[in-house]
Amino acid sequence: MTSRKEDTRGKEPIPDIVVDPSTKKKYRKGKFLGKGGFARCYELTDMETNEIFAGKIVSKSLLTKPHQRDKMSQEIDIHRKVSHRHIVGFHGFFEDNDNVYILLELCRRRSLMELHKRRRAITEPECRYFVRQVVLACDYLHKNNIIHRDLKLGNLFLNDDMEIKIGDFGLATRVSFNGERKRTMCGTPNYIAPEVLAKKGHSFEVDSWSLGCIVYTLLLGKPPFETSCLKDTYTRIKMNEYHLPSTRVSPSARCLIKRLLQATPASRPNMTQILEHDFLTSGFLPAGLPTSCLTMAPRFDMLKQA
Ligand SMILES: CC[C@@H]1C(=O)N(C)c2cnc(-c3ccc[nH]3)nc2N1C1CCCC1
């Protein structure tokens with residue numbers, strides 16, 4: 001495991017022991033986990049219970065403008081109120097003079113991004129296994145009137161049991177009334193939907209679009225609209241230009257990708273419909289995956305078959 005070096009230039013160093021002023025709980029700062037947006041992320045160990053969390057730590061000196069503070073509070077407000085097996089656990093938040101601290105579920109196998117970088121295209125049973133868990137969590141979010149809006153491999157975390165945990169509610173939003181179309185989004189999602197680029201108002205369907213990009217990337221080994229420059233990528237998204245080879249991808253996977261990447265939002269299946277789609281219902285669904293999948297394709301005849 002490459003040890004990550006933290007870049008502390010221009011920011012107050014984070015103390016080795018942080019205290020939650022309201023609960024007086026003490027947390028020992030551990031391994032640097034990496035950077036996520038404004039945040040410097042570390043393991044934080046509760047010194048009473050020895051439970052280890054993934055600490056998202058944001059220096060207040062970076063939260064100068066009101067809308068940056070509002071974004072941070074909205075992320076916290078949404079994430080703290082959700083609870084689902086396949087959503088990252090939210091274990092609290094507090095602030096001191098220098099930083100805001102968010103305590104999140106530690107996902108020791110990092111995310112599908114690291115798996116993708118190591119494996120490139122994965123097998124259909126593995127894709128079925130991961131995608132089903134993402135859809136179950138997304139169905140829960142949508143039923144609670146929350147749109148995630150930034151579903152991407154790097155936000156699909158993995159715990160030691162190779163279970164998916166959706167994280168990073170930094171772009172998430174609440175739908176206040178039925179039929180509400182969101183007009184704005186502060187920040188750029190990775191798998192951005194055409195209606196967001198066209199500023200035509202968007203809603204839950206953007207998560208179906210992102211899921212289509214995720215299924216495509218997992219099975220084909222690269223994103224559907226990727227080019228060497230962002231402008232060209234956006235043009236291809238607006239033109240709905242992507243290549244879907246007839247080999248290498250099963251008919252049910254092709255069908256699901258084509259339906260999720262429909263230009264018209266209303267033509268995309270919602271999360272409940274995706275759960276009933278052929279790709280997820282017919283085809284071998286592993287009961288679990290070994291951690292060896294992080295580095296090499298599994299041989300399913302060796303795994304206990306459901
Ligand atoms: C804390 C931020 C983010 C995150 O949201 N979670 C849930 C997470 C969990 N475990 C981990 C983790 C455990 C072991 C390595 N990383 N990382 C998480 N991250 C990473 C940290 C750096 C970029 C995103």
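Atoms within each ligand, like the ligands themselves, are counted from 1 in listed order. Given the structure is predicted, the values throughout are model-derived calculations rather than measurements. Note: hydrogens, waters and symmetry copies are ignored here, and every other heavy atom, side chains too, is used.
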- Query: Does Gly34 have a non-hydrogen atom less than 4.0 Å from ligand 1?
  - Reply: yes

- Message: Test of understanding: given a 4.0 Å heavy-atom threshold, classify the contact between Cys107 and ligand 1 as side chain, backbone, both, or neither.
- Response: both

- Task: Specify side chain, backbone, both or neither for Lys35, according to which of its non-hydrogen atoms lie closer than 4.0 Å to ligand 1.
- Result: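 The answer is the backbone.
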
- Message: Between Phe94 and Tyr27, is the ring pair (Phe, Tyr, Trp, His ring centres under 6.0 Å) condition met? List the steps.
- Response: CA-CA 12 Å; Phe94 55 90; Tyr27 300 89; 5.7 Å; yes

Suppose I only count heavy atoms of [X] and a 4.0 Å limit; which atoms of ligand 1 are within that range?
X      : result
Glu105 : 7 (C), 9 (C)
Ala54  : 1 (C), 8 (C), 9 (C), 10 (N)
Val88  : 7 (C)
Leu104 : 5 (O)

- Query: Are side-chain N/O atoms of Glu205 and Ser208 paired as donor and acceptor at under 3.5 Å?
  - Reply: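 No donor-acceptor contact under 3.5 Å links the two side chains.
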
- Item | Polar contact flag, side-chain donor to acceptor under 3.5 angstrom, His142-Asp207 | yes

- Task: May I have the step-by-step check of ring pair (Phe, Tyr, Trp, His ring centres under 6.0 Å) for Tyr242 and Trp209, ending in yes or no?
- Result: CA-CA 13 Å; Tyr242 67 96; Trp209 171 274; 7.9 Å; no

- Message: With a 4.5 Å cut-off on side-chain heavy atoms, are Phe130 and Leu158 touching?
- Response: yes

- Query: Between Cys293 and Arg119, what is the shortest heavy-atom contact and its length?
  - Reply: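 The pair with the smallest heavy-atom distance is O-NH1, 2.7 Å.
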
- Query: So is Gly36 polar-close to ligand 1, meaning N/O to N/O under 3.5 Å?
  - Reply: no

- Query: Given Ile52, Leu33, Leu44, which has its nearest heavy atom closest to atom 22 (C) of ligand 1?
  - Reply: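 Among Ile52, Leu33, Leu44, the closest heavy atom to atom 22 (C) of ligand 1 belongs to Leu33.
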
- Message: Would you say that more than 12 heavy atoms from the other residues, nucleotides or ligands in this model lie under 6.0 Å from the NZ of Lys258, or not?
- Response: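 Not buried by this count: 12 neighbours or fewer within 6.0 Å.
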
